[in-house]
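Throughout, numbering of the chain's residues begins at 1 and tracks the sequence.
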Amino acid sequence: MRLELTKRGDYAVRAMLALTRGSGNGLLSARRISDAMVIPVRFLPQVLADLQRAGLVEAAPGRSGGYRLAREAETISLLEVIEAVEGDSRRRSCVLRGGPCGLDGHCDVHDVFFAGQEALRGTFAASTLADLAGSATAEALEATPAD
């Protein structure tokens, strides 16, 4: 079984961690986030726009503008970040049949698979940005010149 994010999901998680770690520094520019988190600067505004639409990020336009978290990091879950850019993470098709579950009954692994899926979603929902943020990127943000 594989668990992996799309590039968009990966960039969203990294951008949100940068915003969490740099929250004491006011607004962060896309360039600063990009440099600190090694995210291609051309994709970052699209990802940040998704996060803004989801109510997770606030943007301030202009030369001295940038981005910041829309809420406290303790209230933003990893699941919210991922689903803001990748959509609802629940599987919609049967693990064995490939089609919709339930049309002609559930397959033999349905209950176990979906219980596992909900446990994973629960783990992501219980993990906040504040929990995940560490000091390595905070140092990178401080070392990156302001725009």
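Residues passing the salt bridge (Lys or Arg N to Asp or Glu O under 4.0 Å) test with E72: none are found, sequence neighbours excluded. Partners of R71 under the side-chain contact (heavy atoms from CB on, under 4.5 Å) rule, at least two apart in sequence or in another chain, are L56, T75, I76, E80. Partners of T6 under the side-chain contact (heavy atoms from CB on, under 4.5 Å) rule, at least two apart in sequence or in another chain, are R8, E86.
Ion pairing of R32 with D35 is absent here, as no side-chain N (NZ or NE/NH1/NH2) approaches a carboxylate O to less than 4.0 Å.
In plain terms, the two heavy atoms of A73 and T20 that are nearest each other are CB-CG2, 3.6 Å. V85 and G9 get closest at one heavy-atom pair: CG2-CA, 3.7 Å. Counting all heavy atoms, side chain and backbone alike, A70 lies closest to V57 at CB-N, 3.7 Å. In plain terms, the two heavy atoms of P40 and S34 that are nearest each other are C-OG, 4.1 Å. Heavy-atom minimum distance, S77 versus A125: CB-O, 3.2 Å.
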* To do: Would you sort out whether L132 and M16 count as a side chain to side chain contact (heavy atoms under 4.5 Å, CB included), showing the intermediate values?
  => CA-CA 10 Å; L132 299 170; M16 291 297 282; over 6 Å; no

* Test log, rule side chain to side chain contact (heavy atoms under 4.5 Å, CB included), inputs D88 and R121 -> CA-CA 10 Å; D88 189 337; R121 292 182 88 249; 4.0 Å; yes

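Between atom CD1 of residue I33 and atom CD1 of residue I39 there is a gap of 7.5 Å, rounded to the nearest 0.5 Å. Note that CG of L48 is 10.5 Å distant from CZ of R53, once rounded to the nearest 0.5 Å. In this structure, the separation between CD on E83 and CZ on F124 is 10.0 Å, given to the nearest 0.5 Å. Interatomic distance, T128 OG1 to L78 CG, rounded to the nearest 0.5 Å: 9.5 Å. Going from atom CG of L27 over to atom CG of L19 covers 9.5 Å, rounded to the nearest 0.5 Å.
Contact of the D10 side chain with the R14 side chain is registered, since non-hydrogen atoms from C-beta on lie closer than 4.5 Å.
By the rule that hydrophobic residues join a cluster once side-chain heavy atoms approach within less than 4.5 Å of another member, V41 and V13 end up as members of separate clusters.
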